[in-house]
Amino acid sequence: SSTTFQQTTTITCPSGYTASGITQNTTCQAPATWSSVSCPAVDCMALVVANAVSVAPNTRHPSVGMVTCNPGYTANGASRNVSCLPSGKWETFTCSPVDCGRSLTVAQGT
């Protein structure tokens, strides 16, 4: 359907953007343009993972950061990319202590 001068319509920003799920109004203006509506990407803020070094030059959706577990910690690999999700949170990543297995038993005199 057509929209004419001074009529208002509602838009919804896509998932992963600040107004996600919230409707905003825009108005038809002269000369056949729409009033400004902004949908900036959500910000996941700093990427912080316990027992790890994390780097995320850009913290806005859909950027990717890299996590490397500290020595003595593991996460099924040396490093992993994590994504800034549409919810405004970083993908879950955990660095767990390395498992050395059963306790070592040492024979007497050795």
Side-chain angles (χ1 to χ4, degrees):
S1 83
S2 180
T3 308
T4 59
F5 179 65
Q6 294 186 332
Q7 279 189 308
T8 300
T9 190
T10 302
I11 66 156
T12 302
C13 295
S15 178
Y17 294 82
T18 300
S20 179
I22 299 171
T23 56
Q24 295 182 353
N25 293 328
T26 184
T27 305
C28 179
Q29 302 173 329
T33 60
W34 291 101
S35 59
S36 179
V37 175
S38 177
C39 293
V42 297
D43 192 345
C44 284
M45 308 303 274
L47 173 58
V48 178
V49 176
N51 304 309
V53 174
S54 50
V55 178
N58 184 347
T59 59
R60 293 202 174 270
H61 172 72
S63 21
V64 175
M66 188 170 97
V67 178
T68 304
C69 293
N70 291 338
Y73 293 85
T74 186
N76 299 328
S79 65
R80 181 170 162 224
N81 292 334
V82 293
S83 299
C84 175
L85 303 173
S87 63
K89 297 193 183 294
W90 287 102
E91 185 178 8
T92 301
F93 189 87
T94 304
C95 290
S96 304
V98 171
D99 184 356
C100 292
R102 296 180 46 186
S103 295
L104 182 62
T105 303
V106 178
Q108 286 183 323
T110 54

Checking R60 against M45 for the side chain to side chain contact (heavy atoms under 4.5 Å, CB included) test, could you report, in this order, the C-alpha distance in whole Å, the side-chain angles of both residues, the deciding distance, and whether it holds? CA-CA 8 Å; R60 293 202 174 270; M45 308 303 274; over 6 Å; no
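- Applying the side chain to side chain donor-acceptor pair (under 3.5 Å) criterion to T59, with sequence neighbours excluded, gives D43.
- In this structure a side-chain-to-backbone donor-acceptor pair under 3.5 Å is missing from H61 to A41.
- V42 and L85 sit in two unconnected hydrophobic clusters of ILVMFWY residues. Membership requires side-chain heavy atoms under 4.5 Å apart, directly or through other members.
- Checked by atom type and distance alone, the side chain of S54 pairs as donor or acceptor with a backbone atom of L47 at under 3.5 Å.
- Shown here for E91 and V82, the closest heavy-atom pair between the two residues is OE1-CA, 3.4 Å.
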Derivation of the side chain to side chain contact (heavy atoms under 4.5 Å, CB included) call for S83 and W90: CA-CA 6 Å; S83 299; W90 287 102; 5.8 Å; no
Evaluate side chain to side chain donor-acceptor pair (under 3.5 Å) for T8 paired with N25, printing each intermediate quantity in order. CA-CA 6 Å; T8 300; N25 293 328; over 6 Å; no
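- Each of V53, T68, N51, N70 was scored for a side-chain contact (heavy atoms from CB on, under 4.5 Å) with C95, with one residue passing: N51.
- Annotation: side chain to side chain donor-acceptor pair (under 3.5 Å) contacts involving residues 94-103, sequence neighbours excluded, are absent.
- Counting only distance, with no hydrogens or angles, the side chain of T18 and the backbone of P40 share a donor-acceptor pair below 3.5 Å.
- In this structure the side chain of F5 never reaches within 4.5 angstrom of the side chain of P31, judged on heavy atoms.
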